[in-house]
Amino acid sequence: MASRANHKVLLECAVLCTAALALFDAPIARAQDQAASSYPVASDARLAGDAKQTRFVLDLDRTIQFRAFALPDPYRVVVDMPQVNFRLPAGAGTGGRGLVKGFRYGLVMPGGSRIVIDLAGPAKVTNSYVLDSANGQPPRLVVELEEVDRASFAQAQGTPQAPQSRPELKPALSDSRAAITAPAPPQPATPPDPRPVVVIDPGHGGVDNGTQSGSEVEKNVVLAFGLALRDRLEKSGKYRVVMTRTDDTFIALGDRVHVARTQSAALFVSIHADSLPKGEGDAQGATIYTLSDHATDAQAASLAESENRADAIGGVNLTEEPTDVADILIDLAQRETRTFSNRFARLLMGEIKTAAKMHKHPLKSAGFRVLKAPDVPSVLIELGYVSNKSDMENLVSEGWRSRIVGSMARAIDIFLAKKLATAGAAN
C-alpha cells in the first residue's frame, strides 16, 4: 500500500511539474512567435522593362526603409533593408529580364536583409522608393535601373541612391528569453578556457546560396554538416568550438578569417560542396584543399576563383588586403602554418577515406581567401559534388553525415593531440 501511495504522489508531482514548465514556456513560445511575426513579409517579386530601362518590384505587407546602390565586378545592385521574412514563390530570382540576369535575397546580419540584383552590364539606379498600398495593391519596393556605359558607371560610384533615410539595422535578440527575463546579477570573472579552439566555417549563407541541385542548396547542406560536427566535438569536451555562422546569414570571407584569428584558433575548417557545370564531365567524392600561391591544377584554380567571389555575390564591396597581411602570407615565417595545414589535410584524408568515397585526387591546393589566416592551420573540405547524383544523396543523408563527422572528429583529435604535445615539449 505504501509503495502504491508513493507512486501516486510521484505521479502527481510529475504532472504538476509538467504543467508548471508548460506555463513557463508558454510566454517564451509566444515571444518567439511574436518576434518572427514582427518582421515585414515579402510575398512576391517581379521585373519589368527592357534592355534600356528595367524595374524591380518587391511586394510587401508594410512599408519599410531601404537603400539601393550599384557595384562593379561583377555589375550588381545591392538593396539593404531591415530584416524581412521572404516568402517569395519557388524559383523567384532565377530568371532575368532586360538589364537584370536574376536576383538573390536573404539574411545578411541579425536584423538586416539584403537583395542582390545581378546585372547583365553596367547600369545605374535612377530611382528607388516605396509605394503605399493603394487600389488593392500591397506596399511595393521599387528600384528603377537604366543602362549606362562603363565610364558613366565609374563616375556614379560613391553616390548611393536612397530614400529619405537609411534603415537602421539593429541586431536581433539571439534568445527570446532575454526579452522577458530580468537582467542577471554580475557574475565573478571566470578563468580563461584553456582548451584549444576549433573554428568551423560552413560556407556561403544568406544571399549567397552556393551551388544548387534541385531544391537542395549548398548553404543549407554545409550548415547542417557544420552543426553536426560542432555537436560531436563539443560532446567530447576537449575543445571550445566556434562557428562562423549558425543560421542562414551571409558572412564576408574576411570576417570568417577574422573569427579564427581573434579566437586564437588552433584549427580552422571551412566546409563546402562542389559542382561541375554541365558538359564538363562528372566528378565524385570529397576533396581537401589547403592554401597555396599556385593552384595544383586548373580545376583547383577555378574553384578558388569561384569561392573567392562569395563577397561579391553577397554584395560586399571588395577591397585589397592590407600590404602587411599580403607580405605576411608570402613570408618564410608562414611555412610552419602551411606545414601544419598540410599535415592536418593528410590526416583528414586518411580518416575520411575509411568511411566514404574520395575524389581521385583528394588533396589539392589553391589561393582560397578564407584559408589566409597567417597563424591558424586551415583547410577547406569539399564534401562532394552536388552535380553528382550519388554524392547528392550522401550529402542529405544523416547516416552518411554521421560517419564523415566521426572521421573528421578523429582526425582533429589526432592532429591537435600531436600539435599540443609538440608545443608542450618545445616549452
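Note: hydrogens, waters and symmetry copies are ignored here, and every other heavy atom, side chains too, is used. Since the model is a prediction, treat every value here as computed from it, not as a measurement.
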Partner of V100 under side-chain contact (heavy atoms from CB on, under 4.5 Å), picked from V143, V77, L47, is L47

Which of these passes side-chain contact (heavy atoms from CB on, under 4.5 Å) with L229: V198, V241, I200?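 The residue from V198, V241, I200 that satisfies side-chain contact (heavy atoms from CB on, under 4.5 Å) with L229 turns out to be I200.
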
Out of curiosity, [X] [atom1] to [Y] [atom2], how far, rounded to the nearest 0.5 Å?
X: H204; Y: F250; atom1: NE2; atom2: CZ; result: 10.5 Å
X: Y129; Y: E144; atom1: OH; atom2: CD; result: 3.5 Å
X: K418; Y: R343; atom1: NZ; atom2: CZ; result: 8.0 Å
X: N388; Y: S213; atom1: CG; atom2: OG; result: 9.5 Å
X: D201; Y: R256; atom1: CG; atom2: CZ; result: 4.5 Å
X: L107; Y: T249; atom1: CG; atom2: OG1; result: 4.0 Å

What heavy-atom pair brings [X] and [Y] nearest, and what distance separates the two atoms?
X: T287; Y: H361; value: CG2-O, 3.8 Å
X: S275; Y: Y385; value: N-CD2, 3.9 Å
X: Q263; Y: V197; value: O-CG2, 3.7 Å
X: I271; Y: F225; value: CD1-CD2, 3.8 Å
X: G384; Y: D391; value: CA-OD2, 3.5 Å
X: P82; Y: Q65; value: CD-O, 3.1 Å

Say whether, by atom type as modelled, one donor and one acceptor occur between the side chain of [X] and the main chain of [Y] under 3.5 angstrom.
X: S397; Y: E393; answer: no
X: E382; Y: A286; answer: no
X: R245; Y: G203; answer: yes

Does a side chain donor of either [X] or [Y] reach within less than 3.5 Å of an acceptor in the other side chain?
X: T339; Y: N342; result: no
X: E351; Y: S407; result: no
X: Y239; Y: D413; result: yes
X: R150; Y: Y75; result: yes

Any salt bridge between [X] and [Y], counting N to O under 4.0 Å?
X: D80; Y: R114; result: yes
X: D118; Y: R104; result: yes
X: D50; Y: K52; result: no
X: R46; Y: D59; result: yes
X: D208; Y: K219; result: no

Stepwise side chain to side chain contact (heavy atoms under 4.5 Å, CB included) check, R140 with V130: CA-CA 6 Å; R140 285 153 288 163; V130 171; over 6 Å; no

Applying side chain to side chain contact (heavy atoms under 4.5 Å, CB included), run through V78 and R67 and close with a yes or a no. CA-CA 8 Å; V78 176; R67 63 190 295 259; over 6 Å; no

Parallel, tilted or perpendicular: ring planes of Y105 versus F86, cut at 30 and 60 degrees: tilted

A quick test of your reading: do over 12 heavy atoms of other residues, nucleotides or ligands sit less than 6.0 Å from NZ of K124?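 Incorrect, the count does not exceed 12.
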
Does CZ belonging to R195 count more than 12 external heavy atoms closer than 6.0 Å? yes

With sequence neighbours left out, write down each residue that passes side chain to side chain contact (heavy atoms under 4.5 Å, CB included) with S341, or none if nothing qualifies.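 So S341 forms a side chain to side chain contact (heavy atoms under 4.5 Å, CB included) with T290, T337, P377.
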
